[in-house]
There are 2 protein chains.
Amino acid sequence: MAKLDLFKFVPFRLNRLGAEVSAALSSEYRARYGLDIPEWRVMATLGFRNEACSAQYIAQCTRTHKSTISRAVTSLLEHELIERVENTEDRREFRLALTRKGHALYEELIPRLLRREQEILSCLTAQERKEFARLLGKIEDSLDLVQASRPMSEVEAY
Amino acid sequence: MAKLDLFKFVPFRLNRLGAEVSAALSSEYRARYGLDIPEWRVMATLGFRNEACSAQYIAQCTRTHKSTISRAVTSLLEHELIERVENTEDRREFRLALTRKGHALYEELIPRLLRREQEILSCLTAQERKEFARLLGKIEDSLDLVQASRPMSEVEAY
DNA sequence: TTTAGATAGTTGCAAGTGAGACTATCTCGC
DNA sequence: GCGAGATAGTCTCACTTGCAACTATCTAAA
């Protein structure tokens, strides 16, 4: 008689925890700045890199569908948080970058989010936090989930 | 100049990992048995407990919205994987339980899912797996995310 | 007993999202 | 230089899901 306790089943737990943590964080940028998750991901990617990126690149990095990124980009353009310039070398794509206004928002938001992350992890000791991050990394690696912080030119496959 | 590397940001990583792992697993019950995630959660809850449960209880346990559970229950009833009987003590609610057919599916599915979970965690040593589960538990606790395996009568609040 | 408020479950509605078609553009082999 | 296939980005469609309203029922207090 096989049994599976949902509460000991890691996939379920990861899914629940991911959703819960995500919801906790998104209140920070949704209520306060009107950003949704895809928009925040675009902002985060552009803010972290200094070079302008294509939408495709952001989609790959964040593992978000290109149509979702496209919509987020449209919205951010309307709110003048990002700007885009045509890439003269490849006129299919656009280069995206934060505007001054977008940068200001980013600078204001980041410390808040890092604080929230610390709150969530405050139940762990420094040692445990480190270990948790390491184990998370191993799992990500094995799922080939790390598009990580590589320069744009090196990212090709999804 | 504040910076936030999305790939080192735990909330993002948890969200991504949760989605990815969930997608990997759901192929197991979607493609093979036509179940979606809410349906699978209902099946898992009913299969794990031996007593019949109310929809409300399942919603609380799995932290899934009651309307989502309601739709899943309707679908499972149509497929004759579960059955429901009126609760004569409280005629607002129904008691749900797996049918024989539902049990058979459950019995067939569980080993597959446990195998998948092991595959996903196979990148960790036994010791690391244990530690990962422990740390996950600490975070869940601090987020008050454990409705865990308590008998129905003890679950009251969401 | 009556009534106000809580609770179980269902359903209509609106928002978000992935799949995939589509356009424009690029690349590579001939 | 040309045509086939790849790629960037947009858009429509269908599906999923959360919210909130609604019905039916229960509980507790006056």
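All values below were derived from every heavy atom in this structure, side-chain atoms included, with hydrogens, water molecules and symmetry-related copies excluded. Not measured: the values here are computed from a predicted model. Letters go in sequence order (proteins before strands), and every chain restarts at 1.
- For A/K66 (side chain) and A/Q56 (main-chain N/O), no donor-acceptor pair under 3.5 Å exists by modelled atom type.
- By the 4.0 Å N-to-carboxylate-O rule, A/K138 lies too far from A/E140 to be salt-bridged with it.
- Of the side-chain N and O atoms in B/R84, one or more sit less than 4.0 angstrom from OP1 or OP2 of C/dT10.
- When the P atom of D/dT7 is taken as reference, atom CG of A/D90 falls 12 Å away, rounded to whole Å.
- Checked against C/dA19, D/dT25, D/dG9, the side chain of B/R91 finds its nearest nucleotide in D/dT25.
- For A/R71 and C/dT17, the shortest distance from a side-chain N or O to OP1 or OP2 is not below 4.0 Å.
- The aromatic rings of A/W40 and A/Y106 sit parallel to each other, their planes meeting at less than 30°, with 60° as the upper class boundary.
- Within 6.0 Å of atom NZ in B/K130, 12 or fewer heavy atoms from other residues, nucleotides or ligands are found, so the atom counts as exposed in its surroundings.
- In this structure, CD1 of B/I58 is placed 11 Å from P of C/dT10, rounded to the nearest angstrom.
- Listed nucleotides: C/dC13, D/dA6, C/dA19. Nearest to the side chain of A/R92: D/dA6.
- Across the protein-nucleic acid pair, B/R41 atom CZ and D/dT16 atom P stand 15 Å apart, rounded to whole Å.
- At D/dG18, none of the side-chain N or O atoms of B/S67 fall inside 4.0 Å of OP1 or OP2 (strictly under the cut-off).
- One can place CG of A/N87 at 11 Å from C1' of C/dC26, the figure rounded to the nearest angstrom.
- OP1 or OP2 of C/dT10 has at least one side-chain nitrogen or oxygen of B/S70 nearer than 4.0 Å.
- In this structure, A/E86 atom CD and D/dT10 atom P are separated by 12 Å, rounded to whole Å.
- Between B/R63 and A/E20 a salt bridge is recorded (basic side-chain N to carboxylate O distance below 4.0 Å).
- Atom CZ in B/F94 sits about 17 Å away from atom P in D/dT23, given to the nearest Å.
- We find that CZ of A/R95 is positioned 17 Å from P of C/dT25, with the value rounded to whole Å.
- Among the nucleotides D/dA20, C/dG9, D/dG9, the one closest to any side-chain atom of B/H65 is D/dA20.
- Using a 4.0 Å heavy-atom cutoff across all strands shown, B/T68 reaches sugar-phosphate atoms only and no base atom.
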